[in-house]
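Before any comments, here is the structure.
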Amino acid sequence: MTDLTRIALSTGVELDVQLAGPRDAPPVVLLHGFPESHRTWRDIVPDLARDHFVVAPDQRGYARSSKPEGVEAYAPDRIVGDLIALADALGIDRFTLVGHDWGGAVAWMAALRHPDRVARLAIVNAPHPFVFQRSLFDDPAQRAASQYITRFRDTALDRHILGKGLEWFFSTSFAQHVTNAIAGADKAAYLDEWGQPGALTAMLNWYRASPIIVPAPDATPERPAFLDAPFPPVTQPVLVVWGVQDKALLPIQVEQLPPFVPDLTVRTVEAGHFVPWQASDAVIAAFRAWEGPGAA
C-alpha cells in the first residue's frame, strides 16, 4: 500500500497525500476524480517521480481525507482553495497541475483563477467549464450523455447504493468502464475507501455543489446570457490527453477548446474515460513529449 502523509490545510480540512520524488525537483500536483483517490495515478507516479516532486492528494470527501458536512462544503471554490492551501503547506510556489475527471474540472478552474501559481496544465478527460456548460445547452448528444449528473444529485441515491452494496457500486460505476480488470488489492482498497463513514455522500456532494446546469433531454430552458459573452482564455501551456472512447464526455469537449486555450496540445488515446488506468503509458508519453527536456 502507498504511504500517505496527513496534511492539515488552512482551509480547515486535512488531506491524505502521496508524496514522491526529490523535494527540490520541479513540483507536479495530480488531482483525481470520481469515484477514485490518489491511486488513479498508481502507474504514473513512479515515472514522474524520477525528476519531479509529485503531490497526489486524496481530495476532500474521499478515502480518509476530511469530509465536512453539507453540500456547500464541496463547492468548487472550496476545492480549488484546498489545492492552493496544499501547495502553500508544502512550500510550493508555482507548479504543473494535472487533473482527471473532477480533478480536471478543479484544475481548469485553478488555472483560470490562479495563473500566478499554476505554471502548466495537463488535463485527462475532463471538460473545460465553459465549453461543457455551453454544450449542455447546444449539443443534444452531450446533454443526453450527461443525464447521469442529475441522477447523482438525487440524495436518495446514497441510500440506494448502500442498500445495493459497495460491490454493486464498484461493478456498475467504475469497473465496467475499465478495460483491464481491477481486482485483488486495488479493488479491496477502493471498497475500503468508499466504505469510510460519510464517504459516499461526500463524493456525490461534488456533483450537488456544482453550479453546472444540466437540462433534461427534452427541455427548452432559458439560455444563460453568459454563454454568449466573452470568456477569458487559459494563458498557460495546456496538454489535453483524451480517451476517444469516453461515453460521458464527447468529442465536442475537445473540438471546441482552441478559442479558449491559445497554447493547446491535444493527444488522443484509444481508451475510455478512465485513461490513467487504461492507458497509463500513453499518458506518460504525452506528458513527457509536451513537457520537453529541461522543462520546469
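We count residues from 1, following the sequence as given.
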#### Entry: Exercise: do Asp16 and His38 side chains pair donor with acceptor under 3.5 Å
no
## Note on the structure
In terms of heavy-atom contacts, Ala248 and Tyr148 come closest through CB-CE2, 4.0 Å
#### Entry: Cationic N near anionic O, under 4.0 Å, Asp154 to Arg159
no
#### Entry: Interatomic spacing from CG in Leu136 to CD1 in Ile149 - rounded to 0.5 Å
6.5 Å
### Query
For Arg120 and Asp263, what are the C-alpha separation, side-chain angles and deciding distance, and is it a salt bridge (charged side-chain N to carboxylate O under 4.0 Å, His left out)?
CA-CA 10 Å; Arg120 299 167 67 87; Asp263 188 348; over 6 Å; no
### Atom of Ala89, atom of Ile7 and distance for their closest heavy-atom approach
CB-CG2, 3.9 Å
### Task
Examine Leu4 and Leu90 and state if one hydrophobic cluster contains both, with Ile, Leu, Val, Met, Phe, Trp and Tyr joined whenever side-chain heavy atoms are less than 4.5 Å apart.
no
### Summary
Nearest heavy-atom contact between Ala49 and Ala20 is CB-CB, 3.8 Å
### Query
Looking at Glu167 and Lys187, does any basic side-chain N land under 4.0 Å from a carboxylate oxygen?
yes
### Query
Hey, are Arg288 and Asp51 close enough for a salt bridge, meaning a charged N less than 4.0 Å from a carboxylate O?
yes
### Query
For Trp108 and His128, which heavy atoms make the closest approach, and how far apart are they?
NE1-N, 3.4 Å
### Task
Please report the closest heavy-atom contact between Val29 and Pro57, naming both atoms and the distance.
CG1-CD, 4.4 Å
### Task
Could I get the full list of side-chain hydrogen bond (donor to acceptor under 3.5 Å, both in side chains) partners for Ser280, not counting sequence neighbours?
none
### Message
Aromatic contact between His100 and Trp277, with the criterion being ring centroids under 6.0 Å apart: yes or no?
### Response
no
### Query
How about Trp194 and Phe169: are their ring centroids closer than 6.0 Å?
yes
### Message
Just verifying a value: how many Å separate Phe152 CZ and Ser210 OG, rounded to the nearest 0.5 Å?
### Response
13.5 Å
### Task
Spell out, yes or no, whether Leu162 and Met203 are grouped together once hydrophobic residues are joined by side-chain heavy atoms under 4.5 Å, including indirect joins.
yes
## Note on the structure
Of Gln256, Arg143, Arg223, the one forming a side chain to side chain donor-acceptor pair (under 3.5 Å) with Asp138 is Arg223
### Query
Which word best sums up how the rings of Phe170 and Tyr190 line up, parallel for under 30°, tilted for 30 to 60°, or perpendicular for over 60°?
tilted
### Summary
Nearest heavy-atom approach of Phe226 to Gln133 is CZ-CG, 3.9 Å
